[in-house]
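Residue numbers start from 1 in every chain, and the chains themselves are labelled A, B, ... in the order their sequence lines are given, proteins ahead of strands.
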Amino acid sequence: MSNTDEPKVDFSAIPSDFIRDAIKQDLAEGRFSRVHTRFPPEPNAYLHIGHAKAVWIDYGIAQDFGGLFNLRFDDTNPAKEEQEFVDGIIEDVKWLGADWGDRLFFGSDYFEQMYDWALVLIKKGSAYVCDLSPEEVSATRGTLTSPGTNSPFRDRSPEENLDLFTRMRAGEFPDGSRTLRAKIDMASPNMNLRDPVMYRILHTEHHRQGDKWCIYPMYDWAHGLEDSIEGVTHSLCSLEYVIHRPLYDWFLDELNIYHPRQIEFPRLNMTYTVMSKRRFIELVNGGYVNGYDDPRLPTLAGMRRRGYRPEAIKEFVTRVGLTKADSIIEEHVLEDCVREDLNKHAARVMGVVNPLKVVITNYPEGQTEELEAINNPEDPSAGSRRVPFSKVLYIEKDDFREIPPPKFYRLTVGKEVRLRYAYFIICTDIVKDANGEVVELHCTYDPATKGGDAPDGRKVKATLHWVSAEHAVKAEIRLYDNLFSKPDPDDVEEGQTWFDNLNPSSLVVTEGYVEPSVADTPVGTKYQFERMGYFCIDKDSTPSRLVFNRTATLRDTWAKIAKAQG
RNA sequence: UGCCGGAUAGCUCAAUUGGCAGAGCGUCUGACUCUGGAUCAGAAGGUUUAAGGUUCGAGACCUUAUCCGGCAGCCA
């Protein structure tokens, strides 16, 4: 039972970072009495993992403080935006797990209100119509170290400005001929304050507003108004907008309307990849990747297709943390999050990526038996399944060595290993092709070891995965690796470009075999191929042809040993 | 020669109002195992960018320097 009128949020339960701390202080000192955030993408591209960070900052903070969260499209530039991206972004944000309820908004829906507010500024002499060309505006802006010069149109009367601005809206003037500018200070050390453009003329159809408008608001003018209209308390954006904050504040103050607080955080960067729309386009158009949902791209669509679960992405974003410092996250951190997540949620199955035929010479011809296999040792409720075993099998090529290197525990002539859930086998003979390559193994099995345990208690060093040749399902398996071979794709020699750092082995396709239990599962189903990694069924699969994407390998101690041996 | 940020372990981040510099990942050891996975245990790893100042006491506050990033679209 509480004696206070309003329930107080327990701040101590809310994690600490510079943004949450600032919000706690705002609440404690009464600047705001509630928390309301928004995620404001421009619908001009698909979202990538950097956006996932922003989503989880915005949505996570709203959740932590028991506040509201809006999904708002910042669609103020019709030249760049498309409905396709609106739909894609909605799908991506939903997939991530951020819930905006019915709070889905479009900046363009506020154009009328923004126009009215522009009139207010014109009337009080804080904005003017400028006839300078884009080139002239640029030339009179000054430089980083020298002030700009005033526009000759700066001192037009409010009446003239009103007339001109009204006619701009009415469509009397061609693109680029005039702008509405805020009258601030052409000598400001902050370039953004040197009479920034508020409206430009654009006779372009808007994906949502059609041809209703031919003047469109600029970001700086629009964004704070959108936040204000929606009652956002904390407008969280990336660091590049720090320098825009004085302008954000200036417009709101000039209008004397509800004033949210902008706080900036750094963008996410990751090694071995690129994170910009422009580069995604170049990669796609150049045929280096197969579309925006290519599993090698850090787009949310790509990661979803690769088999990442949104839970892994959330964990990643959490691990990255939130500070004011720019940083580059190592790619393996994401991979580790993906493994940790899939380890708990992916059913285990046996799949052979690079098959090597094995004949069990002492196994009865034509016999098949079903052996019990555990679906997920991490999750007893996942139960078990039956896997068919017969005389001819496939094992992984890498699991056999004619001449084993030191510490190689797997199969070689004369050595006994276990076939998982099946039998102990010993390799007796090898069959080679004309090139001297091993193409088939002859082995014998010990019937007493059925299920995988020897009654006499003898041990084997290795357990191999396998499939029955007669029962296995053939599958295309796509093995993905980093898109770039250097941590920083821009780390290039003289005369080279970042394209030269593309990893030629970022996609390797093999023909493998998987156990029959996976045959009829839907696209997106995630498995762990025992000892090989995590795989999911790709959308390219057809009823007659399974296609798997490798989401991630398992941590491979042997690979490390092998590498150390050279 | 401008303005605004930032700098703590290899990486990402912690460190109550100034009070013994910690964690996760990575690395290395070891244990265990019907996945050489998972798991568990342990270890190494720091002149907190530098110099000065305030203070009984500074990663934190002040000054200066260095390095890194952002800013001169009618993009967002």
Side-chain angles (χ1 to χ4, degrees), chain A residues 16-17 40-42 44-45 74-77 79-81 130 132-135 137-139 141-148 175-181 188-194 196-202 215-216 218-220 222-223 237-246 264 266 271 277 318-333 335-337 339-340 343-344 348 350 373-374 377-378 407-410 417-422 424 449 451-453 459-465 487 528-533 553-562:
Chain A
S16 171
D17 57 58
E42 182 188 18
N44 70 339
D74 205 0
D75 54 350
T76 56
N77 185 355
K80 293 186 163 190
E81 297 150 5
C130 178
L132 256 25
S133 70
E135 296 72 27
V137 169
S138 175
R141 187 162 11 238
T143 69
L144 294 175
T145 51
S146 62
D175 288 4
S177 59
R178 286 173 219 264
T179 56
L180 182 71
R181 292 226 257 166
S188 171
N190 182 343
M191 301 289 290
N192 294 287
L193 263 22
R194 319 246 262 229
V197 171
M198 294 164 63
Y199 278 93
R200 74 284 213 184
I201 300 173
L202 238 38
I215 56 169
Y216 289 93
M218 297 287 290
Y219 167 87
D220 286 306
H223 205 85
C237 59
S238 50
L239 243 27
E240 63 209 278
Y241 293 105
V242 168
I243 199 119
H244 293 251
R245 196 194 322 135
E264 310 84 6
T271 55
K277 182 199 154 197
T318 304
R319 282 195 205 178
V320 164
L322 184 51
T323 64
K324 292 187 86 162
D326 272 310
S327 59
I328 301 173
I329 315 299
E330 291 178 349
E331 176 275 343
H332 68 73
V333 176
E335 233 185 296
D336 187 71
C337 293
R339 288 195 188 103
E340 183 180 283
N343 179 45
K344 293 188 213 87
R348 263 105 283 207
M350 290 195 281
I374 294 163
E378 301 286 323
K407 288 188 178 176
F408 185 83
Y409 298 159
R410 285 117 96 161
V417 299
R418 172 169 38 233
L419 293 180
R420 180 144 234 229
Y421 300 123
F424 285 14
T449 57
D453 286 307
K459 299 284 185 194
V460 288
K461 273 287 217 180
T463 301
L464 310 186
H465 60 280
Q528 183 195 102
F529 289 4
E530 299 225 18
R531 307 203 308 136
M532 298 307 289
T553 59
L554 295 182
R555 274 190 202 128
D556 190 349
T557 315
W558 167 250
K560 240 184 275 174
I561 295 169

For [X] against [Y], the heavy-atom pair lying closest together:
X        : Y        : result
A:His244 : A:Asp220 : ND1-OD1, 2.8 Å
A:Arg531 : A:Leu464 : NH2-CD2, 3.6 Å
A:Gly452 : A:Phe424 : O-CE1, 3.4 Å
A:Tyr199 : A:Met218 : N-CG, 4.4 Å

How far, in whole Å, is [M] from [N] if one measures between their [atom1] atoms?
N      : M      : atom1 : result
B:rU33 : B:rC40 : C1'   : 11 Å
B:rC25 : B:rA65 : P     : 41 Å
B:rC11 : B:rA72 : C1'   : 35 Å
B:rC62 : B:rU55 : C1'   : 12 Å
B:rC4  : B:rG57 : P     : 32 Å
B:rU1  : B:rU64 : P     : 16 Å
B:rA9  : B:rG45 : C1'   : 6 Å
B:rG2  : B:rC13 : C1'   : 33 Å

Interatomic distance where [atom1] belongs to [X] and [atom2] belongs to [N] [whole Å]:
X        : N      : atom1 : atom2 : answer
A:Arg339 : B:rG26 : CZ    : P     : 8 Å
A:Glu340 : B:rA38 : CD    : P     : 11 Å
A:Asn343 : B:rG37 : CG    : P     : 12 Å
A:Leu419 : B:rU35 : CG    : P     : 14 Å
A:Glu264 : B:rC3  : CD    : C1'   : 15 Å
A:Lys324 : B:rG59 : NZ    : P     : 22 Å
A:Glu335 : B:rU12 : CD    : P     : 18 Å
A:Leu554 : B:rG36 : CG    : C1'   : 11 Å

Practice task
Dump the intermediate steps for side chain to side chain contact (heavy atoms under 4.5 Å, CB included) on A:Gln528 and A:Leu554, then the final yes or no.
Solution key: CA-CA 9 Å; A:Gln528 183 195 102; A:Leu554 295 182; 3.8 Å; yes

Fill in the blank from the handout: Per atom distances to the A:Glu42 side chain, the nearest of B:rG6, B:rC75, B:rU35 is B:rC75

Problem - Closest listed nucleotide, where the reference is the side chain of A:Asn77 and the choices are B:rA76, B:rU12, B:rG26 - result: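 Within the option list, the nearest is B:rA76.
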
Handout entry: Any donor-acceptor N/O pair under 3.5 Å between B:rU35 base and A:Gln528 side chain
Key =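 A donor-acceptor contact between them is present.
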
Fill in the blank from the handout: Ranking A:His223 and A:Thr145 by the position along RNA chain B of their nearest nucleotide, the one closer to 5' is A:Thr145

Handout entry: Closest-nucleotide 5' rank along RNA chain B - winner of A:Ala422 and A:Tyr219
Key = A:Ala422

With 3.5 Å as the limit, what N/O pairs link the protein to nucleotides 43-47 of chain B?
none

Below 4.0 Å: OP1/OP2 of [N] and any side-chain N or O of [X]:
X        : N      : value
A:Arg555 : B:rU35 : no
A:Thr271 : B:rC11 : no
A:Thr463 : B:rU35 : no
A:Arg531 : B:rG36 : yes

Practice task
Could you check whether A:Leu464 gets within reach of a base, just the sugar-phosphate, or nothing at all, counting any heavy atom under 4.0 Å?
Solution key: nothing

Handout entry: Neighbour count >12 (heavy atoms, 6.0 Å) for atom NZ, A:Lys461
Key =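 No, not enclosed.
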
Exercise for the section: Answer yes or no: does atom CD1 of A:Ile374 have more than 12 heavy-atom neighbours from other residues, nucleotides or ligands under 6.0 Å? Expected result: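 Not more than 12 within 6.0 Å, no.
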
Handout entry: N-glycosidic conformation, B:rG5 - syn within 90 degrees of 0, else anti
Key =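 For B:rG5, whose glycosidic angle is more than 90° from 0, the conformation is anti.
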
Practice task
Decide yes or no on side chain to side chain contact (heavy atoms under 4.5 Å, CB included) for A:Arg181 and A:Thr179, but give the supporting numbers first.
Solution key: CA-CA 6 Å; A:Arg181 292 226 257 166; A:Thr179 56; 3.5 Å; yes

Fill in the blank from the handout: Under a 4.0 Å heavy-atom criterion, the protein footprint on nucleotides 65-74 of chain B, written with B, S and -, is ----SBBBSB

Exercise for the section: Step by step, work out the side chain to side chain contact (heavy atoms under 4.5 Å, CB included) result for A:Arg200 and A:Asp175. Expected result: CA-CA 8 Å; A:Arg200 74 284 213 184; A:Asp175 288 4; over 6 Å; no

Problem - Pair assignment for RNA chain B - dot-bracket with | for other-strand partners, Watson-Crick or G-U under 3.5 Å - result: .((((((..((((.....[..)))).(((((.......))))).....(((((..]....))))))))))).....

Problem - Salt-bridge present (A:Lys80, A:Glu42; N to O < 4.0 Å) - result: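 Result for this pair is no, no salt bridge flagged.
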
Exercise for the section: Let me see the working for A:Thr463 and A:Arg418 under side-chain hydrogen bond (donor to acceptor under 3.5 Å, both in side chains), right down to the final yes or no. Expected result: CA-CA 5 Å; A:Thr463 301; A:Arg418 172 169 38 233; 3.1 Å; yes

